[in-house]
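One structure below.
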Protein chains: 2
Amino acid sequence: MPEFLDLHSKTTKVLRALVETAMRRHGLHQGQDHLLAALWERDGSTPGEIAAVLHVTTPTVVKMATRMSAVGLLTRRRDEHDNRLVRLWLTDAGRALREPVEAERRSLEEKITADLTETERRHLMIALTKVYKSGSDLL
Amino acid sequence: MPEFLDLHSKTTKVLRALVETAMRRHGLHQGQDHLLAALWERDGSTPGEIAAVLHVTTPTVVKMATRMSAVGLLTRRRDEHDNRLVRLWLTDAGRALREPVEAERRSLEEKITADLTETERRHLMIALTKVYKSGSDLL
DNA sequence: AGGCAATCGTTAGACGGCAAACGACTAGGA
DNA sequence: TCCTAGTCGTTTGCCGTCTAACGATTGCCT
């Protein structure tokens, strides 16, 4: 078992669990906060655009959008000029979650990196970025 | 969007894709290599034991075991002395995958960390370990 | 003007992962 | 001895994610 892959895998599981319980407090599932974030930044984006921003496939966004629409976080509406396009629009409920969810996420990040010195944190970001780059190039 | 959580999330997606395509070459899905690794280390383990080692829930192991058994990588057999327990045993096919899969994983780890200096790599492991610890304590 | 290729969203099906409910078996206490 | 509590594996149902196939619409090119 290679060291880094194994450690990263374990860390991923722990972080997922933490994010899941943190977001559940706001009625969200893991990943839905990212979708909302995309709309907070650009309301009325299309599923394809969001998928690109989130590094995820279009079907994933479509499914999530369906569920989130059922819970009243956003609405679907076809583009007026191009009937192929669909645009996702935030509801008031979806907009209202911005502050609390962003705060929740910041809080979690702080707790998670609390044991790191500023130097360690910087080195971690630099090294992880390199890994991310190498990985992306291999795709 | 907190920096670390976001970067870690993106890295996870990339790594998952890489592991997936690497393991598909051996007829495996993401995560099945971990299950096999547990059996390579202790053949005849129970689903519960494996779940604990993999940091995963028991139902997850049960589902994977069902699929992997259908493909002939392992077999299910009830424990002779305790009929509640089920033990998973490797088939020859499952055993034969050990060398190639471990080599594949080592190769991927090398490619992924190729751009890191030895110092960077060490710092990355130390920092990630701290994050993992902090996260585990928060669970 | 008409047809064909490109562009989108959606559906279907598979997999890893989780929580909750269920069922079978064991073991310990009254 | 019997009954109850604890221990397991399994089933069910949901979510995120991917690939592949499908359907609808637009736009260009002849």
Side-chain angles (χ1 to χ4, degrees), chain A residues 9-10 12-24 27-36 38 44-52 54-71 73-88 139, chain B residues 9-10 12-24 27-36 38 44-52 54-71 73-88 139:
Chain A
S9 164
K10 288 194 303 181
T12 296
K13 289 194 178 71
V14 170
L15 289 186
R16 176 190 306 178
L18 287 174
V19 171
E20 179 73 36
T21 67
M23 288 308 152
R24 196 190 304 275
L28 296 180
H29 290 276
Q30 151 84 23
Q32 298 188 341
D33 55 331
H34 289 117
L35 175 32
L36 285 182
S45 296
T46 68
E49 290 169 352
I50 297 178
L54 302 191
H55 300 99
V56 154
T57 62
T58 308
T60 297
V61 174
V62 169
K63 275 193 182 179
M64 289 178 58
T66 301
R67 292 177 186 124
M68 293 170 74
S69 151
V71 203
L73 291 172
L74 52 85
T75 63
R76 263 190 174 83
R77 207 180 314 151
R78 301 214 81 99
D79 186 289
E80 303 177 6
H81 306 304
D82 189 338
N83 252 307
R84 288 172 299 186
L85 268 27
V86 162
R87 302 204 167 272
L88 304 180
L139 274 184
Chain B
S9 165
K10 289 194 303 181
T12 296
K13 288 194 177 73
V14 170
L15 289 186
R16 176 189 304 177
L18 287 174
V19 170
E20 179 73 36
T21 66
M23 288 308 153
R24 196 190 304 274
L28 295 180
H29 289 278
Q30 151 85 21
Q32 298 189 340
D33 55 331
H34 290 117
L35 202 165
L36 284 181
S45 296
T46 69
E49 290 169 351
I50 297 178
L54 302 191
H55 300 99
V56 154
T57 62
T58 308
T60 297
V61 174
V62 169
K63 273 193 185 180
M64 289 178 57
T66 300
R67 290 177 186 126
M68 294 170 74
S69 151
V71 202
L73 291 172
L74 52 83
T75 63
R76 262 192 175 83
R77 207 181 314 153
R78 297 213 84 96
D79 185 291
E80 302 178 5
H81 306 303
D82 190 337
N83 252 307
R84 287 173 299 187
L85 302 188
V86 162
R87 301 203 168 273
L88 304 180
L139 237 39

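Scope of the values below: all heavy atoms of this structure, side chains included, with no hydrogens, waters or symmetry mates. Letters go in sequence order (proteins before strands), and every chain restarts at 1.
- Side-chain nitrogen and oxygen atoms of B/Thr57 include at least one within less than 4.0 Å of the OP1 or OP2 phosphate oxygen of C/dC18.
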What verdict does the side-chain contact (heavy atoms from CB on, under 4.5 Å) test give for A/Met64 and A/Gln32, after you've listed the backbone C-alpha separation in whole Å, the side-chain angles of each residue and the deciding distance to 0.1 Å?
CA-CA 7 Å; A/Met64 289 178 58; A/Gln32 298 188 341; 3.8 Å; yes
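- Note that the CG atom of A/Asp79 and the OG1 atom of A/Thr46 stand 9.0 Å from one another [nearest 0.5 Å].
- Distances shorter than 4.0 Å separate some side-chain N or O of B/Arg76 from OP1 or OP2 on D/dT10.
- In terms of modelled atom types and a separation under 3.5 Å, the side chain of A/Arg87 and the main chain of A/Arg76 share no donor-acceptor contact.
- At the heavy-atom level, B/Gly48 lies under 4.0 Å from the strands shown only through sugar-phosphate atoms.
- Within the 4.0 angstrom heavy-atom criterion, only backbone atoms of the sugar-phosphate kind lie near B/Gln32; the bases stay farther away.
- Within residues 58-68 of chain A, the residues having any heavy atom under 4.0 Å from DNA chain D are, by residue number, A/Pro59, A/Thr60, A/Lys63, A/Met64, A/Arg67.
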So B/Lys13 and A/Leu54, side-chain contact (heavy atoms from CB on, under 4.5 Å) or not? Walk me through it.
CA-CA 10 Å; B/Lys13 288 194 177 73; A/Leu54 302 191; 5.9 Å; no
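- For the pair A/Glu49 CD and C/dG9 P, the computed distance is 8 Å after rounding to whole Å.
- As rounded to whole Å, 11 Å separates atom P of D/dT10 from atom CD1 of B/Ile50.
- Taking atom CZ of A/Arg84 as the reference point, atom P of D/dT26 lies 7 Å away to the nearest angstrom.
- The interatomic distance linking B/Leu15 (CG) with D/dT17 (P) rounds to 15 Å, in whole Å.
- Atom CG in B/Asp82 sits about 8 Å away from atom P in D/dC8, given to the nearest Å.
- Taking atom CG on B/Leu28 and atom C1' on C/dC15, their separation rounds to 13 Å, with Å as the unit.
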Would B/Glu20 and B/Arg16 count as a salt bridge (charged side-chain N to carboxylate O under 4.0 Å, His left out) here? Give the steps.
CA-CA 6 Å; B/Glu20 179 73 36; B/Arg16 176 189 304 177; over 6 Å; no
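- Looking at heavy-atom distances under 4.0 Å, B/Arg87 makes no contact with the nucleic acid at all.
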Take B/Leu28 and B/Leu73 through the test side-chain contact (heavy atoms from CB on, under 4.5 Å) and record every step on the way to the result.
CA-CA 10 Å; B/Leu28 295 180; B/Leu73 291 172; 3.5 Å; yes
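- Between A/Asn83 and A/Val56, the one whose closest nucleotide on DNA chain D sits nearer the 5' end is A/Val56.
- Heavy atoms of A/Arg24 sit nowhere under 4.0 angstrom from any nucleic acid atom.
- For the pair A/Arg78 and B/Leu85, nearest-nucleotide mapping onto DNA chain D gives the more 5' position to B/Leu85.
- Protein atom CD of A/Gln30 is 7 Å distant from nucleotide atom P of D/dT17, rounded to whole Å.
- Using a 4.5 Å heavy-atom cutoff, the side chains of A/His55 and B/Val14 are not in contact.
- In this structure, CG of B/Leu35 is placed 13 Å from P of D/dG9, rounded to the nearest angstrom.
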